[in-house]
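This is a predicted model, so every value here is computed, not measured. Protein chains get the first letters and strands the later ones, always in sequence-line order, with residue 1 at the start of each.
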Protein chains: 2
Amino acid sequence: MVPAESAAANELLAVRAAELYYEENKTQDEIGAILRVTRWKVGRLLAQARERGIIRIEIVHPRARRLALERDLSARFGLKDAVVVPAPADDVELQARVSEAAADYLVSHRPVPRLLGVSWGRTLHQVAEALPSGWSTAVNVVQINGGVSLSKRPGTAAATAVMIAQKAGGQATLLPSPAILERLETKKAIEGDRTVGGVLGMARGASAYLYSAGVADTSSVHVDSGYLTAPDIARLVERGAVGDVIGRYITADGTIADPELDARTLGLGLEELRNSTTSILVIGGEPKHAVARAIVTHGLCSVLVTDEHTARALLDDTDSDHDLEPATTASREDAS
Amino acid sequence: MVPAESAAANELLAVRAAELYYEENKTQDEIGAILRVTRWKVGRLLAQARERGIIRIEIVHPRARRLALERDLSARFGLKDAVVVPAPADDVELQARVSEAAADYLVSHRPVPRLLGVSWGRTLHQVAEALPSGWSTAVNVVQINGGVSLSKRPGTAAATAVMIAQKAGGQATLLPSPAILERLETKKAIEGDRTVGGVLGMARGASAYLYSAGVADTSSVHVDSGYLTAPDIARLVERGAVGDVIGRYITADGTIADPELDARTLGLGLEELRNSTTSILVIGGEPKHAVARAIVTHGLCSVLVTDEHTARALLDDTDSDHDLEPATTASREDAS
DNA sequence: GGCGTGCATGCTCATATGAGCAGATGGCCG
DNA sequence: CGGCCATCTGCTCATATGAGCATGCACGCC
């Protein structure tokens, strides 16, 4: 064998074969005739070309997904399921795609939840909007954390839950309480209230949860809503907070950043999320990578809906090898 | 039928099917099971996805070619053959790729020419360099236009022909004459010379020609070589010259731009190129689109080796429809 | 309401393709 | 120089796939 030369010759042959096969739709037999090799060799050349990444197959569609990343995420973090959408350049677009994907997931998720616990926020609202009317039948919805009653945009939290329920022909049960109370006593009192307590109880019994997460910075809805001030956030960040999950600020370790604040936060606890069968996290965009990592690495969600970049960021964690070694016989471009 | 909805649903299905088929290497049958449709529907979904361009298959390799464009070029301009390489961003790279492609073509061209007529220039020199040693056996080479004896880089023209011949184990016959003579009489005299005349005669008998073309501007090798001055070029451009073919400046109409100058130009005539069985034009890069068009539309070459952009420029000619309707039953991705 | 008409569907069958295997080839080392 | 090992090659056979066809279904037209 003449290593260098014949290898190069083979590569060129592989390119020609690939062109004829994929661009001209010729059969391997025909290609064999053209290139003067047997059809088996053509098959092998094509296999090589795919392995070496000479042939690039891409699925271009806004609704496309990244199944390999989904598989890797599920495996690495022990998720029940993952949905990864290709990241568009534009961040607005990205949020829209992730929300759509979450809506798609919800529509096709089985078993259909009898009662769905939802949080609120910009992302969740988009998910609600992306759901088609009649996406399911008789799915009731319950809010799992305090609403945004002080908000400049009143009713958003309520509107999200109601929209999701309406579109499934179900009832929405709202949590009539602020997200964070100023005094612990007030929080306890409200919690003890029949209505609020009843809703919380109902929320604990939901068969699935759908939520997003916020970043620990002043762009947070909590600041917008007046529950927290910029200095509050600064203090949280100092204590290592990376973001909030259903109103509760957590650190990269997955622990509560400020127990005192957390005690004044009304709604489902993190443990309920962790222990639920189905808790769907919808999250996308660069700023949220840190929160997403905290949530995912600490088992707070069982289903992750996100974008490609976030997925890669999660997988590119430093501590372990992030060798992509798919379980399938699929393309092996990284061999080069 | 519910047009919009079911069409969209089909599209989404098609995307999912494509992902599973091309990214996960599942069989259509398995995909059918997953998506709850029959395997035949999966096949049809995939076909649709390919048609609609949802699935994009690309062959990424410096030596890749654009067979669809080649086919279109051949059909439109009645070429015997065409070679189109994907255009790299970089212009230097582009020239290299085109030259390589020409070398490849020469190597695999059948019947092997007994005697190959070549011109000279930067492009041709690159082709010569790209040819592998021993690319053929006993192919003799003859120059078809006057050499660059006044050049600042003496011997380039000769080196090109000699290199091509050497690498094929053949003899090179050089044309010992300037490209353009100052006086018609001198030209006639030289032409009449036994040696020169003999070479020209030999050139007329070549079984194939390989040449490139120059642009009608001051970057021309003719200016470099001192055969023409900047004002000469300006005058040629005024007369509509778009470039030169083996030393002869032509207009977009394929006619000689300046008959007086042409009469003083020594070498093969355009008619000989036009009437030859095999005349291979190697040309690439934006500046040369106009010359390329003049040559190709007026039958001066039977084989065209070029880059993708030039190919498209030639096909996107305004006067006629450039509907791509290949004669084969091949892929129809270009319908988009 | 009856009846084409056009399209999607599920099938049969021929063909294309990939897995796995036995033999050939050619370099390499003793 | 001969044997050994690794690789490549061409094959058989099972499987995957696409072409073509009959059917079913919904719609529009009379």
*Asks:* When you measure from every atom of DNA chain D, which of residues 28-43 of chain A have a heavy atom less than 4.0 Å away?
*Replies:* A:Thr38, A:Trp40, A:Lys41

*Asks:* Which heavy atom of B:Trp135 sits nearest to which heavy atom of B:Leu106, and what is that distance?
*Replies:* CZ3-O, 3.8 Å

*Asks:* Among residues two or more places apart or on two chains, list those pairs meeting side chain to side chain donor-acceptor pair (under 3.5 Å) that have a residue in residues 58-68 of chain A.
*Replies:* A:His61-B:Glu11, A:Arg63-A:Asp104, A:Arg65-A:Glu70, A:Arg66-A:Glu308

*Asks:* Does a side-chain heavy-atom distance below 4.5 Å link B:Leu46 with B:Arg44?
*Replies:* no

*Asks:* Considering just the side-chain nitrogens and oxygens of B:Tyr21, establish if one lies under 4.0 Å of OP1 or OP2 belonging to D:dA16.
*Replies:* no

*Asks:* Without decimals, in angstroms, what is the distance between B:Leu13 CG and C:dA8 C1'?
*Replies:* 14 Å

*Asks:* I'd like to know if A:Arg44 reaches the base of D:dG10 with its side chain, counting only an N/O donor and acceptor under 3.5 Å.
*Replies:* yes

*Asks:* Between B:Glu24 and A:Arg71, does at least one N-O distance fall below 4.0 Å, as a salt bridge requires?
*Replies:* yes

*Asks:* Roughly how many Å is it from CD in A:Gln48 to C1' in C:dG18, rounded to a whole number?
*Replies:* 15 Å

*Asks:* Report the distance from atom CG of B:Leu20 to atom P of D:dT17, rounded to the nearest whole Å.
*Replies:* 12 Å

*Asks:* Do you know which of A:Arg56, A:Glu23, A:Arg16 makes side chain to side chain contact (heavy atoms under 4.5 Å, CB included) with B:Ile59?
*Replies:* A:Glu23

*Asks:* Within the supplied structure, the quantity of interest is the number of heavy atoms (other residues, nucleotides, ligands) at a distance under 6.0 Å from B:Glu129 CD; does it exceed 12?
*Replies:* yes

*Asks:* How many whole angstroms separate atom CG of B:Asn25 from atom P of D:dT17?
*Replies:* 10 Å

*Asks:* Tell me: NZ of A:Lys26 to C1' of D:dT17, nearest whole Å?
*Replies:* 19 Å

